Amino acid sequence: MTIQTALLSVSDKAGIVDFAKALAKRGVRLLSTGGTAKLLAQAGLTVTEVAQHTGSPEILDGRVKTLHPKIHGGLLARRDSPEHLQTLLEHGIERIDLLVVNLYPFRAAVAKPDCSFADAVENIDIGGPAMLRAAAKNHGTEAGGVTVVIDPADYPRVLTEMDATGDTSYGLRLALATKVYAHTSAYDGAIAAYLSSLVAPEPAQDAVPERTTWPNTLTLQVHQQQVLRYGENAQQRSAFYVDPTCPAGLLGNFVQLQGKELSYNNIADSDAAWDCVRSFAEPACVIVKHANPCGVAVADKAVDAYLKAFKTDPTSAFGGIIAFNRTVNLACAKAISNQFVEVLLAPAYDKAALEFLTAKKNVRVLQVPMGDGQNDIDVKRVGGGWLVQTPDSHTVQASDLKVATRKQPTSAQLSDLLFAWKVAKFVKSNAIVFCGEGMTLGVGAGQMSRIDSARIASIKAENAGLTLKGSAVASDAFFPFRDGLDVVIDAGATCVIQPGGSMRDDEVIAAANERGIVMMLTGMRHFRH
């Protein structure tokens with residue numbers, strides 16, 4: 001069998017005119033509805049309106065137009081069933097061999113701040129999903145079936161196969177049908193999430209439902225980008241899945257330019273490094289080991305930022321993940337080559353740098369476009385359920401800070417404190433970060449006791465040969481006692497930034513005044529578990 005009749009009805013009209021012209025050139029009869037039919041007719045194509053094809057007009061403001069036996073019979077009749085084909089003849093129903101449909105933009109509609117409940121309901125597509133599911137169900141066998149297309153990117157594949165045989169292969173029809181069910185599932189999930197986030201009015205009230213913070217039903221759909229070498233450990237299998245609407249700037253948009261296959265840990269650590277480095281406006285470098293920054297710095301040039309970041313903890317930097325928020329040039333690539341690196345991330349690489357890096361064949365080089373996109377939600381799997389929260393995307397400005405001590409910060413101290421606070425946000429709790437002159441000096445991460453994190457940070461600085469005299473310290477949460485504060489002051493800190501909010505804030509602030517340091521409060525914490 002060959003493709004003889006196509007039904008086209010799309011909300012996303014990208015490429016549809018050219019595709020329809022290509023089909024007409026190949027002798028395919030075109031059926032269409034509404035705006036799509038008008039667009040095709042304006043382009044000079046011969047197109048039959050669905051209402052004319054079925055003999056039934058569109059009714060109920062267009063809510064009913066394709067829900068008809070001449071549409072669904074034409075889609076659902078099995079091509080390998082003589083009985084089905086005879087039934088079509090008896091009822092005067094033509095086969096529909098190709099369906100091109102994409103749905104009302106429900107997600108885009110409800111994302112608008114001024115979208116009313118009535119608007120949301122009108123953007124729930126009925127006929128489209130029904131046709132898609134019917135066509136996908138009847139993708140058929142090797143003997144023939146319906147080709148169903150939802151994505152303009154698939155138009156060329158369909159035309160290529162039609163040119164070879166007049167029809168599409170079973171393999172392509174199966175792949176497209178699979179894509180359809182994923183699409184309709186996500187579409188229904190978005191509707192369910194929206195409706196379950198509404199609070200219905202009381203029966204006696206003449207009102208419409210209102211949105212709440214969280215839906216009662218949450219449907220997540222992500223697409224597999226690649227199977228990974230292994231999980232956290234070699235005995236675990238792993239794959240990387242990406243949100244189909246991944247916002248600009250997020251790691252999910254990466255392109256691997258060279259290097260070995262990525263592992264689970266490579267991507268987890270790369271995300272930590274990339275998230276941190278893109279938070280800086282000035283040229284910055286972040287070195288991550290086991291999901292924690294072990295070196296962060298800013299400078300006038302990317303290469304200088306790297307050299308400063310590396311100084312923080314050369315031992316931990318071995319085998320680390322290195323991220324830049326500027327183009328990596330040859331000088332930068334040469335500097336990095338002096339250490340063992342697992343993954344290198346940057347928004348761009350110049351030609352000389354890429355040529356140089358080819359000698360390091362095992363280094364995974366990732367290019368990630370810059371952007372300020374954020375995930376809508378953060379999700380963590382727990383036994384039998386999911387924890388869901390909004391991202392920690394708040395950025396503290398100098399105007400947000402409160403000076404808690406008698407001593408006021410200098411402009412240099414304020415700059416160091418803001419830098420330290422920005423880094424602390426990306427360090428696992430309990431986090432203590434010593435900084436000075438645009439670089440980390442010591443990082444204490446992930447300890448059960450904040451005082452232990454403070455001690456480890458100072459030990460790290462000592463091991464790296466760095467002085468903490470005159471340094472700034474950030475604590476991701478409040479000091480519960482003065483002992484942790486005394487440790488960082490004894491190490492050389494002269495100013496501290498912390499959220500405040502402890503029952504013993506007065507005691508800790510009094511200790512800061514007693515020791516003659518500056519303490520600033522953010523009023524918010526950055527726990528990162």
Side-chain angles (χ1 to χ4, degrees), residues 272 275-276 279 291-293 296 378 380 387 389-410 413-436 440-461 468 470-529:
D275 207 20
C276 182
S279 69
N292 277 301
V296 181
D378 285 341
K380 179 181 287 189
L387 285 171
Q389 64 176 352
T390 57
D392 182 8
S393 56
H394 185 75
T395 301
V396 167
Q397 308 294 331
S399 57
D400 300 323
L401 302 179
K402 174 186 176 182
V403 181
T405 50
R406 291 189 293 269
K407 197 165 188 177
Q408 299 290 312
T410 65
Q413 286 178 323
L414 182 58
S415 177
D416 285 341
L417 288 168
L418 288 170
F419 177 87
W421 183 250
K422 185 172 288 189
V423 175
K425 175 181 174 180
F426 300 97
V427 178
K428 301 291 186 183
S429 298
N430 288 309
I432 294 290
V433 182
F434 286 87
C435 295
T440 48
L441 301 171
V443 179
Q447 299 304 304
M448 290 72 77
S449 164
R450 189 162 302 279
I451 193 170
D452 287 339
S453 289
R455 288 169 177 154
I456 289 171
S458 61
I459 291 169
K460 287 280 190 181
L468 297 180
S471 61
V473 169
S475 173
D476 66 337
F478 58 68
F479 287 97
F481 302 95
R482 69 167 290 169
D483 51 4
L485 183 67
D486 284 327
V487 169
V488 300
I489 297 171
D490 290 343
T494 57
C495 53
V496 171
I497 186 169
Q498 57 122 332
S502 168
M503 291 175 59
R504 297 179 177 82
D505 268 356
D506 290 344
E507 174 187 326
V508 174
I509 293 169
N513 282 322
E514 174 191 321
R515 301 294 300 269
I517 69 157
V518 174
M519 178 176 286
M520 304 199 76
L521 304 181
T522 65
M524 60 174 295
R525 73 184 188 197
H526 278 314
F527 273 167
R528 193 178 185 89
H529 289 100

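All values derive from a computational prediction rather than experimental measurement.
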Sequence neighbours left out, what passes side chain to side chain donor-acceptor pair (under 3.5 Å) with [X]? Give chain and number order.
| X | result |
| --- | --- |
| Gln413 | Thr494 |
| Asp476 | Ser429, Arg450 |
| Lys422 | none |

Notebook entry, point to check: Are Val433 and Val473 close enough, and set up right, to give a side-chain contact (heavy atoms from CB on, under 4.5 Å), and what steps lead you there?
Noted result: CA-CA 5 Å; Val433 182; Val473 169; over 6 Å; no
Next item on the list: Enumerate the residue pairs fulfilling side-chain hydrogen bond (donor to acceptor under 3.5 Å, both in side chains) with a member in residues 505-515, sequence neighbours excluded, ordered by first and then second residue.
Entry: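 Every pair satisfying side-chain hydrogen bond (donor to acceptor under 3.5 Å, both in side chains) with a residue in residues 505-515: Arg482-Glu514, Asp486-Arg515, Asp490-Arg515.
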Contact summary for [X] and [Y], nearest pair of heavy atoms:
| X | Y | value |
| --- | --- | --- |
| Gln408 | Val518 | O-CG2, 3.6 Å |
| Ser458 | Ala491 | CB-CB, 4.0 Å |
| Leu441 | Ala461 | O-CB, 3.1 Å |
| Ala511 | Leu485 | CB-CD2, 4.0 Å |
| Ala431 | Ala424 | CB-O, 4.2 Å |

Note to self: Looking at Thr405 and Met519, would you say the former's side chain and the latter's main chain have a donor-acceptor pair under 3.5 Å?
What the structure shows: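 Looks like yes, one N/O pair under 3.5 Å.
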Next item on the list: Take Val396 and Lys425 through the test side-chain contact (heavy atoms from CB on, under 4.5 Å) and record every step on the way to the result.
Entry: CA-CA 11 Å; Val396 167; Lys425 175 181 174 180; over 6 Å; no
What I'd like to find out is whether the side chain of [X] reaches to under 4.5 Å of the side chain of [Y], using heavy atoms alone.
| X | Y | answer |
| --- | --- | --- |
| Thr395 | Ser279 | no |
| Val488 | Ile517 | no |
| Leu521 | Gln498 | yes |
| Ser475 | Val496 | no |
| Val427 | Pro293 | yes |
| Ile432 | Gln447 | no |
| Asn292 | Val443 | no |
| Val296 | Phe426 | no |

With rounding to the nearest 0.5 angstrom, report the [atom1] to [atom2] distance, [X] to [Y].
| X | Y | atom1 | atom2 | value |
| --- | --- | --- | --- | --- |
| Phe479 | Ser502 | CZ | OG | 11.0 Å |
| Phe478 | Arg525 | CZ | CZ | 8.0 Å |
| Arg455 | Ser453 | CZ | OG | 11.0 Å |
| Asn430 | Ile451 | CG | CD1 | 11.5 Å |

Check: Tell me, which pairs form a salt bridge (Lys or Arg N to Asp or Glu O under 4.0 Å) where one or both residues lie in residues 391-400, sequence neighbours left out?
Finding: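 Passing the test, one end in residues 391-400: no pairs.
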Check: Which ring-ring contact (aromatic ring centres under 6.0 Å, His included) pairs, counting each pair once, include a residue from residues 492-528, with sequence neighbours left out?
Finding: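 Listed by first then second residue: Trp421-His526, Phe527-His529.
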